[in-house]
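Pasting a structure below so you can have a look.
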Amino acid sequence: MNHIKFLKLILKKIFINNLDIIYFFIIISIKEINYNKLISPYFLNYKIPIISSVIVISSISILFKNKNRIRYLYIMDILISIIVFADSLYYRYAKDAISIGTIKNATMLGSVSSSVETLLKFSDAFYFIDIVVLIPVLFLYKKISRVDTSFYIRFIVFLTVFFIGAAGDALCIHNLDIEQPGLIHTMSNKIYLLSKIGNINYHMLDCYNETSTKLSNLKPIPSATQNEIKQYLNKKDIPTGTMLKGAGQGKNLIVIQVEALQQFVIGKKINGAEITPNLNRWLAKSLYFNNYYYQVAAGNTSDAEFLSLNSLYPAPTGAAYELYPGNTFNSTAKQFNSKGYFTVALNGYEDGFWNRNVMYKAEDFSNYCSEKDYNIDEQVGLGLSDKSFFNQTLEKLKTYKQPYYSFMITLSSHIPYDDQKGYGNDLNLGKYKGSLIGNYMNGIHYTDAQLGMFLDKLDKEGILKNSILVVYGDHFAIPKYEAQSLYDIEGIKNATDLDWENLQKVPMMIHFPYDANKGINSLPAGQVDLYPTIANLFNLNKKYMFGKDLLNATTNIVSLRDSSFTNGNVFYVAYTDTYYDIKSGKQIPSTSSLVDEKKDTLKQLEYNDDILNHNLIKNFLYEDNK
Ligand code: GP9
Ligand code: MN
């Protein structure tokens, strides 16, 4: 009896002595599991990595003496809570996980900071309640006399607990590595990765990858790997046809990248009025690619440029424009320069936004007109109004020596789309009035009107007789947290991930002089394909491009940065590892040819990252010119 009493006393002592760790373990596990519930209803079973990672973090506290142990746990609680809270906000905004790359580009994410209020939920207070409530509790807890065990004992206990947690983590990471080879290193599908290994492990892995990539980039890449990549790209360079080859030779090239122009508004009416009447009219006079996906990652607009100007994929984390301005590119402007073209990029916003002032030099534009080269006489949305931008740009175009290559980026239709009212012929939004999607429809309606006026003027001035004109959207307009409004407008019930992906298209059109070659091309395509298509039209070389010449391709695979892909019939959604049949909308099992396509997507992304990290285009061009 005495023994039992003694044992009870010991257990009570251990419990009270370690109440701080037990409390920390429970509260952090709940916060972490709650976050995982938000991001991933599919993977709720993956509690082991979450709990294991909390065990690892808790185990470190055992090394400290009682007083410092509480401090350590309290600081970790604050830190983890802030991270989980920030991750929740970011997930609601971008349906993605924060990485070091995202943080590096935080200043570029103007649209996130402006939408923080809309993203906040009352339940977010849950992440911080304990931190406040704990202050008096900790004060009382400190008063309980607890004996500090010797360091030797603490170390042994630490090792044991740490080992249990680390083993759980290692097992989960190992299993994921078998299921999705390469994902742990490339982190190409961040949200899926996070849902499978938990928030703490994900951020630790991100820190590890960031450091190890930095270190490994210091080492040269083996020449065998370089050759392998070069050969892979050389195969893509083999011509597949001569359709419209050289059709633009000697003509101007005018490219307009339109801010947040998403495909769903094309041809759509709202209360009887067309949302984009001008674009609809010009698409009918052009070669319209209606199955064109944006392929951007964290670099948004800048990624759309990077893809379209270089036919390379964006960086897996962060923005390529921020990360690789020191690289050599075989860019569109570089090739036009060597053909004697005048090359210019034009955007009415801050000179250094998205690092453009630096990056346009790397991309070889001989001229760059930014905010400082425009008279900011009217502001709509993010900056200079599209109306004024187009009017001033037209005057600039008239002064350029022909042939020229001009690349324009519009501005006004930037999220939150609430500044266009009164600047144009406003739409009657009815029930959509005041909502983000309603504002967007009116915002893009404004841009459409300005674009229409600009194109009509180019036509009237005779410029289009001697120019190839390309217009496309940079990325989504409706963020995933507003997905329901998009489904409602499209009449989609019980939406699946495929429905979401089907809507992630942007219109792309090529207009030829005298409206030649007009029609619709439904080949699955993406922004990475623009440059090789232009290369065919202007007889440029197609070297070191991941994309395909859309005018001479009969099949195509569109790979997205998170390693999702589509061949036009099947869509592979990487973040749930699911194949969908596009026509029936149903999930289908994987086949060997789908697995091959998946492998090819992963290979391309890996090669792309090697090219970016080791500046391989420089080596390739150097070898070619030897
Ligand atoms: C600014 C514009 C905005 O010039 O391109 O970029 P975004 O926020 O859409 O990435
Ligand atoms: Mn944009």
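First listed ligand is number 1; within each ligand, the first listed atom is number 1.
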Notebook entry, point to check: Less than 4.0 Å between a side-chain N and a carboxylate O, is that true for Glu363 and Lys334?
Noted result: no
Note to self: Using a strict threshold of under 4.0 Å (side-chain N to carboxylate O), is an ion pair present between Lys372 and Glu350?
What the structure shows: no
Next item on the list: Please could you name the atoms of ligand 1 that Trp354 approaches to less than 4.0 Å, counting only its heavy atoms?
Entry: 6 (O), 7 (P), 10 (O)
Next item on the list: Any chance you could lay out the ring-ring contact (aromatic ring centres under 6.0 Å, His included) test for Tyr341 and Tyr404, step after step, and finish with the verdict?
Entry: CA-CA 5 Å; Tyr341 273 59; Tyr404 54 76; 8.4 Å; no
Notebook entry, point to check: Which is the closest N/O/S atom of Glu259 when seen from the Mn ion (ligand 2)?
Noted result: OE1
Notebook entry, point to check: Charged N to carboxylate O under 4.0 angstrom, Glu490 versus Lys268?
Noted result: yes
Notebook entry, point to check: Counting heavy atoms only, which part of Leu411 comes closer than 4.0 Å to ligand 1: side chain, backbone, both or neither?
Noted result: side chain
Notebook entry, point to check: Taking the N/O/S atoms of Asp474 one by one, which is nearest to the Mn ion (ligand 2)?
Noted result: OD2
Next item on the list: Return a yes/no value for Arg356: is any of its N or O atoms, backbone included, closer than 3.5 angstrom to an N or O of ligand 1?
Entry: yes
Checklist line | Best match, Leu382, Thr301, Asn300: closest heavy atom to atom 7 (P) of ligand 1 | finding: Thr301
Note to self: Looking only at distances, can you tell me whether any N or O atom of Asp474, backbone or side chain, sits closer than 3.5 Å to an N or O atom of ligand 1?
What the structure shows: no
Margin query: At a threshold of 2.8 Å, where the distance has to be below it, does the Mn ion (ligand 2) have an N, O or S atom of His475 nearby?
Written below: yes
Notebook entry, point to check: Is the shortest distance from a Lys or Arg side-chain nitrogen in Arg281 or Asp448 to a carboxylate oxygen in the other one below 4.0 Å?
Noted result: no
Check: For ligand 1, which atoms have a heavy atom of Asn347 less than 4.0 angstrom away?
Finding: 4 (O)
Item checked: Interfacing atoms of ligand 1 (cut-off 4.0 Å, heavy-atom, His475) -> 9 (O)
Note to self: A quick test of your reading: do over 12 heavy atoms of other residues, nucleotides or ligands sit less than 6.0 Å from NZ of Lys421?
What the structure shows: no
Margin query: Quick check on Glu350 - does any of its heavy atoms sit under 4.0 Å from an atom of ligand 1?
Written below: no
Check: Would you say ligand 1 has an N or O under 3.5 Å from any N or O of Tyr349?
Finding: no
Next item on the list: Could you tell me whether Lys387 and Asp377 make a salt bridge, using a distance below 4.0 angstrom between a side-chain N and a carboxylate O?
Entry: no
Item checked: Ion pair check, Asp124 and Arg92, cut-off under 4.0 Å -> yes
Note to self: Within 2.8 Å of the Mn ion (ligand 2), is there any N, O or S atom belonging to Asn300?
What the structure shows: no
Next item on the list: Mark yes or no for whether Tyr368, through its side chain, and Asn347, through its backbone, hold a donor-acceptor pair below 3.5 Å.
Entry: no
